[in-house]
Number of protein chains: 2
Amino acid sequence: MDRRQRKTREAIFRAFIELLSQKDFNQITVGEIIDRADIGRATFYAHFETKDYLLKELCEELFCHLFDSMHKDENHHRHIFDCDAPSSVFLHLFRHLQKNDNNILELLSGSNNELFLRYFKENLRRLVENQLSTFDAEKSAHLPESFRVNHIVSTFVETARWWVDNGLKETPEKITEYFLTVL
Amino acid sequence: MDRRQRKTREAIFRAFIELLSQKDFNQITVGEIIDRADIGRATFYAHFETKDYLLKELCEELFCHLFDSMHKDENHHRHIFDCDAPSSVFLHLFRHLQKNDNNILELLSGSNNELFLRYFKENLRRLVENQLSTFDAEKSAHLPESFRVNHIVSTFVETARWWVDNGLKETPEKITEYFLTVL
DNA sequence: TTATTACAGAACTGATTGTTCAATAAAATT
DNA sequence: AATTTTATTGAACAATCAGTTCTGTAATAA
């Protein structure tokens with residue numbers, strides 16, 4: 001990839017994330033993004049078809065980073081706890097959320113980020129589907145699988161949002177415990 | 001209230017709901033609303049400051065209708081099941097959702113209705129806070145109250161959305177059972 | 001060195017929002 | 001019934017924004 005392209009792309013992402021931490025997605029205009037990124041209008045549209053695609057690609061990069069670093073962390077902490085336990089995956093996620101790399105938290109708690117939440121849930125769903133059997137309680141065995149997956153994913157997201165909205169006061173371990181208790 | 005005012009207000013709501021069943025909230029323009037409602041542009045802005053306020057007031061009317069009719073129904077069906085059971089409240093809600101008065105379902109399952117969901121949850125939260133004690137399991141007793149309330153509310157909303165998205169195939173009784181099982 | 005590619009910057013169209021105002025029609029008041 | 005108040009109309013208006021197009025220029029690759 002051309003060095004110029006890379007720089008422009010990063011400048012756009014940086015500006016976009018800064019703006020996302022200040023206001024809702026729908027309130028942000030292309031004009032604001034290009035002013036802050038200090039690029040030409042035509043350049044923006046050469047990179048992203050619309051604002052929606054910009055968010056989509058940003059999300060994909062964030063999730064790659066989130067899930068990649070999760071796998072690394074899993075190896076690194078292998079001696080601390082059992083990585084095969086379903087809790088470990090979520091504990092890792094909560095830990096990485098706490099770090100707030102790339103201001104992902106603003107996206108989670110914000111009020112007009114339906115699109116972001118959809119992507120987040122899509123990614124989580126894949127993760128949960130693979131591990132579904134480890135969650136099976138006798139009680140929920142007769143429920144449709146898609147319902148169970150949806151419930152786990154939704155509960156994770158809502159737990160994370162509650163955590164963020166209340167100022168991240170609990171430790172990742174504690175919030176994982178909350179999460180597993182209600183589950 | 002002036003008969004003229006009432007008529008235009010209803011025409012606006014009717015047009016707005018019809019449009020909401022066709023496309024996302026953010027895609028709907030004021031121009032489309034006034035064309036469909038067959039009123040002047042200035043008239044719209046005499047009634048609603050912005051499109052957001054229109055949605056807000058629509059939601060308030062829908063919730064009044066939903067919760068009012070729920071109370072009536074509660075009396076009407078008192079002989080059928082125990083209304084003090086926490087399940088009955090939610091069963092009523094699921095029943096009224098199934099009727100889909102005023103196309104409320106489109107709002108629930110749609111993709112850009114963060115605003116609507118916020119109002120929905122606010123109303124539900126009040127309901128749940130009053131009945132929280134009836135939900136207390138020993139397991140969740142040590143969790144913060146706001147977390148528990150949030151979890152119940154979120155789970156209800158997500159259950160309803162799953163139900164709607166999957167074509168309302170289950171009966172209200174069945175979906176209430178699903179809901180209470182995962183809870 | 002040459003050819004290719006990305007960017008700047010400006011101008012432009014079209015859509016949309018929200019406001020204003022004078023004329024008209026409906027409703028309320030006397 | 002006559003008068004006053006109020007709501008609506010319809011059109012025109014400015015402002016903002018999205019997305020496109022173009023030319024000249026600078027960076028990169030061949």
Side-chain angles (χ1 to χ4, degrees), chain A residues 1-61 107 110-116 118-119, chain B residues 1-61 107 110-116:
Chain A
M1 196 180 196
D2 196 312
R3 187 193 304 146
R4 289 169 296 178
Q5 277 186 309
R6 201 165 4 96
K7 281 190 166 182
T8 309
R9 190 181 167 87
E10 280 166 10
I12 292 175
F13 276 151
R14 204 177 317 121
F16 185 48
I17 289 173
E18 281 170 20
L19 288 166
L20 274 173
S21 70
Q22 290 171 12
K23 52 170 79 177
D24 283 349
F25 171 74
N26 288 315
Q27 309 297 328
I28 297 172
T29 66
V30 176
E32 288 174 307
I33 298 173
I34 64 178
D35 280 352
R36 193 173 279 255
D38 197 27
I39 59 163
R41 185 169 194 77
T43 309
F44 176 88
Y45 285 103
H47 280 259
F48 302 99
E49 210 171 326
T50 64
K51 230 174 51 185
D52 278 11
Y53 280 107
L54 169 58
L55 179 59
K56 186 180 171 63
E57 296 201 22
L58 173 63
C59 289
E60 276 166 16
E61 296 216 350
L107 283 171
S111 50
N112 255 82
N113 304 315
E114 183 76 23
L115 202 52
F116 172 79
R118 247 210 320 276
Y119 296 136
Chain B
M1 195 181 197
D2 196 310
R3 187 193 304 144
R4 290 170 296 178
Q5 276 186 311
R6 198 164 8 95
K7 279 190 167 182
T8 41
R9 190 180 166 88
E10 279 166 10
I12 292 174
F13 276 151
R14 203 178 317 119
F16 186 48
I17 289 173
E18 281 170 21
L19 287 167
L20 274 173
S21 70
Q22 290 171 13
K23 52 170 79 176
D24 283 349
F25 172 73
N26 289 315
Q27 309 297 328
I28 298 171
T29 67
V30 176
E32 288 174 307
I33 298 172
I34 64 178
D35 281 353
R36 191 174 281 254
D38 197 28
I39 58 163
R41 184 166 195 78
T43 310
F44 176 89
Y45 284 105
H47 279 260
F48 302 99
E49 209 172 326
T50 66
K51 231 174 51 186
D52 278 11
Y53 280 106
L54 168 59
L55 178 60
K56 185 180 173 63
E57 296 201 21
L58 173 64
C59 288
E60 279 166 14
E61 295 216 351
L107 282 170
S111 50
N112 254 83
N113 304 316
E114 182 76 23
L115 202 51
F116 172 79

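Values below: every heavy atom of this structure, side chains too, minus hydrogens, waters and symmetry copies. Naming convention: chains lettered A, B, ... in sequence-line order (proteins, then strands); numbering from 1 in each chain.
In this structure, the nucleotide among C/dC7, D/dT8, C/dT17 sitting nearest to the side chain of A/T43 is C/dC7. Of the listed nucleotides (D/dT8, D/dA18, D/dA11), D/dA18 has the atom at the smallest distance from the side chain of A/Y45. Minimum atom distance to the side chain of B/V30 is reached by C/dT17, of the listed C/dT17, C/dC7, C/dA27. Looking at the side chain of A/R41, the nearest of the listed nucleotides C/dC21, C/dA11, C/dT17 is C/dA11. Nearest nucleotide to the side chain of A/Q5, out of D/dT8, D/dG19, C/dC7: C/dC7.
Without hydrogens or angle criteria, B/D24 side chain to B/N26 main chain gives no donor-acceptor distance under 3.5 Å. A donor-acceptor pair is defined here as one N or O able to donate and one able to accept, closer than 3.5 Å; such a pair exists between the side chain of B/E32 and the backbone of B/T29.
With contacts defined as side-chain heavy-atom distances shorter than 4.5 Å, the pair B/K56/B/L115 does not qualify.
Rounding to whole angstrom units, CG of residue B/D2 and P of C/dA28 are separated by 6 Å. Nucleotide D/dA18 holds its C1' atom 14 Å from the CG atom of A/L54, rounded to whole Å. We find that CD1 of B/I28 is positioned 19 Å from P of C/dA15, with the value rounded to whole Å. The separation between A/R3 atom CZ and D/dA29 atom P is 7 Å, rounded to whole Å. Going from atom CG of B/N26 over to atom C1' of C/dA15 covers 16 Å, rounded to whole Å. The interatomic distance linking B/Q27 (CD) with C/dT17 (P) rounds to 11 Å, in whole Å. Distance A/R6 CZ to D/dA29 P: 10 Å, rounded to the nearest Å. Rounding to whole angstrom units, CG of residue B/L19 and P of C/dT16 are separated by 13 Å.
At the phosphate of C/dA6, neither OP1 nor OP2 sits under 4.0 Å from any side-chain N or O atom of A/H47. Taking side-chain N and O atoms only, B/T50 has no distance below 4.0 Å to OP1 or OP2 of C/dT17.
Taking the six-membered ring wherever Trp is involved, the centroid distance between the rings of A/Y53 and A/Y45 does not fall below 6.0 Å.
Counting non-hydrogen atoms under 4.0 angstrom, A/A42 reaches a base of the nucleic acid.
The aromatic rings of B/F48 and B/F13 are tilted relative to each other, their planes meeting at an angle between 30° and 60°.
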